[in-house]
Amino acid sequence: MSSVVQLPDGGKIVKTNCFECHAKCGVLCEVDKNGKLVGVKGNPEDPRSQGRMCAKGLAAPKILYDPDRLRYPLRRKAGTPRGSGQWDRITWDEAIEWLAQRIEEICDKYGAEAVAYGQGTGRGTNQWTSRSSNAGGAVNHSLSPGNICLVPMMVQSILQFGMFPIFDGVDFDNSDCIVMWGCNTMWTEATYTSGQVGRSRDRGAKLIVIDPFFEHPLAAKADHFVGLRPGSDTYLAMAWLNVIMNEGLYDDYFTKKFTNAPMLIIEGVNAPLNEALVKEGGNQQVMLFMGKDGQLHPLQERTDEVELEYRGTVIGADGNPIPVKTVWIGLKEIADEWTPEAAAEKCWCPAEVIRESARTYATAPSACIEVFQGIEEQTNCRDSIQLINIIIAICGNLEKKGGNLSMPFWNQMFTLSGANPETHEEKRLKDGRAAGTFNGSSNTAMCFEAMKTGKPYPIKGYIHVQGNPLSWSEDTKKVREGLMNLDLLCTMDYYMSPTAQLADLVLPSTHWTERDYLADEVCGEWVFAQQHAVEPLYERRSDVWFWRTLGRRLHPDWWPWETDDELFEWQLEQTHAGITWNELKEQWIHHVPQMPSRDYEKNGIAAPTGTGRAELYFTVGLVSGLNPFPSASEPKQSVYATPEIAEEYPLTAVTGRRYPVYYHSAYRGIPQLREIVPDPQVMFHQNVADELGIAYGDWCFVESPTGRIVMKARPTVGLDPRICVIPHGWWQGCKALDKEDYPNDMCNANVLTSSKYYSNEYMTPGLRSTLVRIVKKANPSSKEGD
């Protein structure tokens with residue numbers, strides 16, 4: 001059956017995919033004979049969402065025809081100050097040529113490193129944004145929020161497993177135990193997740209929710225709700241390991257045969273024992289384990305006939321004894337320090353809840369762990385993610401039905417973006433705050449600082465799509481100072497966002513109902529033709545069209561495709577999807593070939609070391625000068641790490657609380673959505689409100705060492721009294737409901753977050769554990785500052 005169904009009255013039904021969030025649920029768009037979108041509903045043929053739609057998706061016609069949407073290319077009037085709001089309407093040809101010339105002028109004067117490319121949350125263009133930065137450049141700054149979203153958990157997983165089995169790799173549908181750890185995909189990818197979780201719960205699957213917020217939509221339904229302190233996930237994970245290892249709840253066969261737990265390491269230095277150390281002419285790249293036969297064997301020899309708890313000495317090539325132990329023993333020694341009782345003190349969670357939740361996960365026939373930004377947006381995210389990956393692996397839930405599975409797209413997207421420039425590493429912006437060992441991009445804070453100061457070299461241009469860094473980036477004041485100092489700022493978006501208001505060039509982006517895309521990212525085992533339902537309105541163009549057209553003007557060798565269709569065809573070839581673009585448009589959905597590691601008995605696990613084993617001991621980390629074992633680390637700013645700050649700012653704040661009706665900072669101008677969540681509300685315990693004399697709905701200040709904002713109070717008993725929750729993305733008003741804008745960052749959560757502290761490995765700021773205080777306003781009925 002064709003993906004476009006003609007109706008008797010001259011209208012049509014178009015099978016496509018919603019993109020009001022990353023889930024990309026299948027939808028049926030009804031278009032009348034005049035080409036107007038008159039309705040959307042879920043497509044029951046989508047094996048993931050099965051016809052469900054959320055409020056954002058159902059509001060698509062309202063978003064498409066919203067009169068506040070951008071319509072035409074706009075250039076700031078010559079001679080007017082940045083942010084003045086004075087524009088000239090220009091053509092797309094003029095816009096592309098003007099922009100290309102400005103980029104060339106900056107590159108000629110300052111070098112290609114002076115231009116940064118980026119995006120916000122992304123609507124399928126991650127690879128094309130990155131390709132634009134790589135093409136002919138000196139460095140891929142990748143000035144996007146990847147360091148707080150996707151990069152930490154994706155890269156850490158690929159370095160340990162050779163795959164990314166979290167996010168859309170979580171097999172909710174077949175799981176016997178579902179763990180939501182620092183995530184709320186029931187809201188963020190609502191219709192994609194809800195059916196799968198619901199079906200498994202109906203079968204009797206257990207549910208564990210690990211989150212500081214007792215009002216998590218699944219908290220009341222969970223078999224175990226683990227209400228931990230933000231940023232204390234490493235202690236919880238260590239305690240889980242303590243229980244699992246000491247009670248023998250791990251998968252003995254998988255751990256011995258498909259992880260590097262049996263690998264021998266040298267006592268004291270924790271370096272691997274390699275073949276060259278015990279054999280003349282041996283290979284330094286071959287790591288060893290002790291077999292049941294009492295002989296040393298290469299780790300590539302996958303077998304469960306190993307001594308998992310071997311500790312002793314081996315004779316080196318020079319005849320001297322070398323004291324060794326297994327990785328398993330080394331890991332257990334670390335975990336033994338963190339009993340549930342010890343972890344409970346740091347997690348602010350009862351020890352028995354920790355113990356029983358670990359047992360429930362480890363004893364389930366199959367179990368999956370979903371992880372997201374509650375884990376990622378922490379300065380200790382590398383330790384947390386490595387520990388959670390270890391738990392998945394030793395319990396045998398990696399590449400297991402009902403567990404965590406590899407998804408092909410994530411291993412193939414880097415082919416689409418192209419290689420980094422040769423000078424990338426020497427030009428990449430990093431400093432003592434964080435080396436960014438595995439991030440691969442520049443520190444976002446340093447990019448904005450370089451815009452302002454010109455140090456260590458100037459950044460003079462910033463071109464980005466679907467991004468509002470005044471909302472998504474930490475330390476908003478510094479971001480604004482950087483943007484104001486640019487020679488060139490180009491923004492392509494749906495709306496005139498606060499960042500767009502400062503731009504030199506503002507370009508109108510098509511809605512998902514107006515454009516063709518490939519839906520493959522976060523689509524699990526499928527790829528979809530996300531084809532347009534209506535022709536683009538006014539003079540809007542797609543983000544892919546923009547990157548491709550600008551790329552052909554600047555670097556045609558990197559962008560040889562004359563049409564988007566040609567680019568999509570190439571993309572399908574590179575990702576080995578096994579279908580052409582025309583075929584995909586005709587049938588809408590296609591099941592993609594699976595990763596070889598799904599058959600790990602035959603092919604092993606695809607970790608970068610080539611052993612066919614999942615990495616518990618992080619070999620790539622060791623090579624990079626890091627501790628190969630995870631540690632029970634604390635966020636760099638917290639009540640324990642910085643008690644002197646906590647004295648003045650005693651509350652641990654989670655910034656970035658999501659709502660299912662909004663997509664980050666978008667759609668607060670749509671009345672059907674805004675009336676559901678009408679106001680920016682900070683959530684904190686009722687006892688704190690009583691102490692401060694703050695009532696529900698009062699405007700109050702939220703302050704941190706970095707800045708101050710104003711929000712409405714929503715006292716609750718759904719939080720520990722030492723924690724508060726602050727939603728992000730509030731800038732847009734709603735005319736239909738008489739809601740005014742929130743100018744000058746007055747309700748912007750990232751005014752509070754710091755640019756002083758970062759994850760060493762991923763340059764991630766601590767957005768989910770910022771220290772703050774609540775302050776009563778003299779005039780609680782007014783949002784204006786006192």
Side-chain angles (χ1 to χ4, degrees), residues 22-26 46-50 52 150 153-154 157-158 160-186 188-210 218 221-223 250-251 254 258-259 357 360-372 375 385 388-411 520-528 589 591-601 603 605-606 614:
H22 288 291
K24 303 185 183 70
C25 297
D46 186 335
R48 307 161 311 138
S49 58
Q50 297 185 324
R52 290 177 298 276
L150 185 64
M153 62 180 180
M154 177 179 68
S157 297
I158 288 175
Q160 284 185 255
F161 298 155
M163 66 181 99
F164 182 28
I166 310 172
F167 208 8
D168 57 333
V170 182
D171 190 10
F172 293 126
D173 239 333
N174 298 295
S175 187
D176 298 302
C177 177
I178 294 168
V179 181
M180 294 286 188
W181 197 325
C183 65
N184 180 8
T185 51
M186 295 294 287
T188 56
E189 281 79 42
T191 53
Y192 180 4
T193 303
S194 60
Q196 297 178 2
V197 173
R199 287 191 293 270
S200 287
R201 290 291 280 166
D202 289 343
R203 288 191 294 101
K206 299 295 184 181
L207 176 64
I208 300 170
V209 175
I210 302 171
L218 292 178
K221 301 177 181 179
D223 296 278
Y250 56 92
D251 185 315
F254 190 92
F258 296 105
T259 79
S357 60
T360 297
Y361 171 81
T363 57
S366 67
C368 60
I369 300 179
E370 178 68 303
V371 170
F372 211 38
I375 297 293
I385 298 168
I388 292 169
N389 281 340
I390 289 171
I391 291 168
I392 292 170
I394 69 170
C395 290
N397 287 313
L398 184 63
E399 293 288 45
K400 179 181 184 179
K401 185 176 180 180
N404 290 81
L405 306 172
S406 60
M407 290 298 163
F409 173 81
W410 302 105
N411 288 69
D520 46 11
E521 180 184 322
V522 201
C523 290
E525 300 180 347
W526 291 271
V527 60
F528 300 86
I589 182 174
H591 194 269
V592 298
Q594 292 308 302
M595 297 280 289
S597 56
R598 285 284 185 95
D599 185 4
Y600 57 81
E601 285 286 357
N603 301 308
I605 302 298

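- Between Gly402 and Asp171, the shortest heavy-atom distance links the atoms N-OD2, 2.7 Å.
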Checking side chain to side chain donor-acceptor pair (under 3.5 Å) for the pair Trp526/Asp46: CA distance, chi angles, key distance, verdict? CA-CA 10 Å; Trp526 291 271; Asp46 186 335; over 6 Å; no

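- To the nearest 0.5 Å, the span separating CG on Leu398 from CE on Met163 amounts to 4.5 Å.
- Glu370 is listed as a side-chain neighbour of Thr185, based on a closest heavy-atom distance under 4.5 Å.
- Of the candidates Gln594, Glu601, Arg598, Arg598 is the only one forming a side chain to side chain contact (heavy atoms under 4.5 Å, CB included) with Glu399.
- Here the straight-line distance linking atom CE of Met407 with atom CD1 of Ile166 works out to 12.5 Å at 0.5 Å rounding.
- Across Cys395 and Tyr361, no two heavy atoms sit closer than the pair SG-CE2, 3.7 Å.
- The shortest distance between side-chain heavy atoms of Phe164 and Leu150 falls below 4.5 Å.
- Rounding to the nearest 0.5 Å gives a distance of 9.0 Å between CD1 of Ile178 and OG of Ser366.
- Remark: side-chain polar atoms of Asp223 are paired, donor with acceptor, to backbone N or O of Leu207 under 3.5 angstrom.
- Salt bridge Arg203/Asp173: absent, no basic N to carboxylate O contact under 4.0 Å.
- For the pair Ile391 and Ile369, the tightest heavy-atom approach, listed with the atom from each and the gap, is CG2-CD1, 4.1 Å.
- Note that the OG1 atom of Thr193 and the CZ atom of Arg52 stand 9.0 Å from one another [nearest 0.5 Å].
- Atom CZ in Arg201 sits 12.5 Å away from atom CZ in Phe172 (nearest 0.5 Å).
- Two residues are said to be in side-chain contact when any heavy atoms from C-beta on lie closer than 4.5 Å; Trp410 and Asp168 meet this criterion.
- A side chain to side chain contact (heavy atoms under 4.5 Å, CB included) with Lys206 is found for exactly one of Cys177, Ser357, Ser175, namely Cys177.
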